[in-house]
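Residue numbers start at 1 and run along the sequence shown.
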Amino acid sequence: MQIKLKHIKLIGLLLVVVGLYSFAGYRSNLRPGTELEIKFLGDNNLYITEESVNKLLIQKYGPLKNRAKEEVVLNTIEEVIQSNPMVKNAQVYRSVNGTLISKIVQRKPIGRVEGVSRFYLDDEGKRMPLSRHHSARVPIITGKITEKTLEDAYAILEYINKDDFLRKNVIGIHLKDEDQYQLKLRVEEFVVHLGSVENLDEKFKNFMAFYVKAAKDKSLNSYAMVSLEFDNQVVCTKI
């Protein structure tokens with residue numbers, strides 16, 4: 001009889017504990033959700049602001065402030081934020097204390113196309129709209145804009161961004177025609193005729209060797225054009 005009584009007490013205690021947890025969870029779900037806390041990761045230059053993220057959520061998802069937790073679908077909020085063309089990735093989760101947090105990674109522009117259409121080329125080679133909040137300091141791309149020339153411009157920019165000297169000094173890429181590409185430098189007046197994107201490594205190594213020698217000879221200002229189009233050669237035209 002005593003053993004049965006102990007079992008009954010144990011079962012009763014378990015039911016009370018389960019009931020308390022269930023009630024606490026129920027009350028927690030009924031508690032209105034808070035506004036989203038937004039954290040931008042990586043680059044401090046914001047192409048999208050907290051205000052624009054909140055406006056986007058209200059337009060496509062509705063306000064979060066007065067919603068119960070069980071009504072807030074985190075995956076859906078992530079999808080809404082990622083629908084913004086400035087966003088590369090977004091993660092939404094609840095912290096231990098119940099705060100709703102979103103970590104956002106923006107897309108990264110590496111070139112700016114100036115033509116009939118104006119847009120960025122991002123670090124994945126995709127078109128990215130300009131932002132009214134921030135203007136990126138990246139090489140300007142001009143000339144004949146086609147899918148082929150943009151693909152080649154991306155290859156050139158990828159190479160340039162791996163080299164500290166080129167990244168600091170190349171400020172423009174002119175797409176004269178397919179496989180006829182030119183570079184503009186920050187300081188020097190001469191135009192660099194790159195030709196096609198074939199053998200980029202060899203072309204840029206030849207250019208760097210020429211540049212170091214010409215800088216040492218103090219003759220950089222005497223050139224109007226430097227061509228890298230020919231195999232293993234640097235052909236220069238003087239002013």
Given side chains that start at C-beta, do those of [X] and [Y] come closer than 4.5 Å, heavy atoms only?
| X | Y | result |
| --- | --- | --- |
| Leu36 | Val92 | yes |
| Pro109 | Met86 | no |
| Val234 | Leu228 | yes |
| Leu46 | Gln106 | yes |
| Leu56 | Ile48 | no |
| Phe190 | Ile239 | no |
| Leu200 | Leu194 | yes |
| Ile81 | Ser102 | yes |

Which heavy atom of [X] sits nearest to which heavy atom of [Y], and what is that distance?
| X | Y | answer |
| --- | --- | --- |
| Lys103 | Tyr93 | CE-OH, 3.1 Å |
| Pro129 | Arg107 | CD-NH1, 4.3 Å |
| Ser131 | His133 | OG-N, 3.0 Å |
| Lys60 | Ser83 | NZ-OG, 3.3 Å |
| Pro139 | Gly172 | CB-N, 4.2 Å |
| Ala153 | Ile173 | O-CD1, 4.3 Å |

Inset, instruction - Report the C-alpha separation of Val192 and Phe210 in whole Å, then their side-chain angles, then the decisive distance to 0.1 Å, and conclude whether the side chain to side chain contact (heavy atoms under 4.5 Å, CB included) test is met. - result: CA-CA 12 Å; Val192 179; Phe210 153 80; over 6 Å; no
Treat each ILVMFWY residue as a node, draw an edge where side-chain heavy atoms are under 4.5 Å apart, and state whether [X] and [Y] are in one component.
| X | Y | value |
| --- | --- | --- |
| Tyr154 | Met128 | no |
| Ile101 | Ile38 | no |
| Met208 | Val191 | no |
| Val53 | Leu41 | no |
| Ile104 | Leu57 | yes |

Inset, instruction - Check the surroundings of atom CD in Glu151: do more than 12 heavy atoms from other residues, nucleotides or ligands lie under 6.0 Å from it? - result: no
Legend entry - Residue Asp231 excluded, over 12 heavy atoms near CG under 6.0 Å: no
Inset, instruction - Decide whether Ser219 and Ser222 meet the rule of one side-chain donor and one side-chain acceptor closer than 3.5 Å. - result: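 Their side chains do not contain a donor-acceptor pair, so the 3.5 Å distance test is not met.
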Legend entry - Short side-chain donor-acceptor distance under 3.5 Å, Glu229 and Ser227: yes
Going from [atom1] on [X] to [atom2] on [Y], what distance comes out if it is rounded to the nearest 0.5 angstrom?
| X | Y | atom1 | atom2 | result |
| --- | --- | --- | --- | --- |
| His193 | Lys176 | NE2 | NZ | 6.5 Å |
| Glu198 | Asp152 | CD | CG | 9.5 Å |
| Arg137 | Ile171 | CZ | CD1 | 10.5 Å |
| Ile145 | Arg127 | CD1 | CZ | 8.0 Å |
| Leu157 | Arg167 | CG | CZ | 12.5 Å |
| Leu64 | Asn54 | CG | CG | 8.0 Å |

Legend entry - Qualifying ring pair (Phe, Tyr, Trp, His ring centres under 6.0 Å) pairs with a residue from residues 45-75, counting only residues at least two apart or across chains: Tyr47-His134
Inset, instruction - Hey, could you give me each pair passing ring pair (Phe, Tyr, Trp, His ring centres under 6.0 Å) that has a residue in residues 157-178? Not counting sequence neighbours. - result: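 Non-adjacent pairs meeting ring pair (Phe, Tyr, Trp, His ring centres under 6.0 Å): Tyr159-Phe204, Phe165-Tyr211.
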Legend entry - From CA spacing to verdict: side chain to side chain contact (heavy atoms under 4.5 Å, CB included), Asn89, Gln82: CA-CA 6 Å; Asn89 186 45; Gln82 287 175 169; 3.0 Å; yes
Do the side chain of [X] and the main chain of [Y] share a donor and acceptor less than 3.5 angstrom apart?
| X | Y | answer |
| --- | --- | --- |
| Lys203 | Ser196 | yes |
| Arg186 | Asn169 | no |
| Tyr120 | Lys126 | no |
| Arg112 | Ala136 | no |
| Glu202 | Asn232 | yes |
| Asp163 | Leu166 | yes |

Legend entry - Pair Lys162-Glu158, salt bridge (charged side-chain N to carboxylate O under 4.0 Å, His left out): steps then yes or no: CA-CA 7 Å; Lys162 292 175 183 177; Glu158 267 202 313; 5.6 Å; no
Legend entry - Residues that, via side-chain heavy atoms closer than 4.5 angstrom, fall in one hydrophobic cluster with Phe230: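 Its cluster mates, by chain and number, are Val235.
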Inset, instruction - Could you give me the CA-CA distance, side-chain angles and deciding distance for Asp122 and Ile110, then say whether side chain to side chain contact (heavy atoms under 4.5 Å, CB included) is met? - result: CA-CA 5 Å; Asp122 75 2; Ile110 59 173; 6.0 Å; no
Inset, instruction - Kindly indicate, with the supporting measurements, whether the criterion side chain to side chain contact (heavy atoms under 4.5 Å, CB included) is fulfilled by Val170 and Leu185. - result: CA-CA 5 Å; Val170 176; Leu185 304 183; 3.9 Å; yes
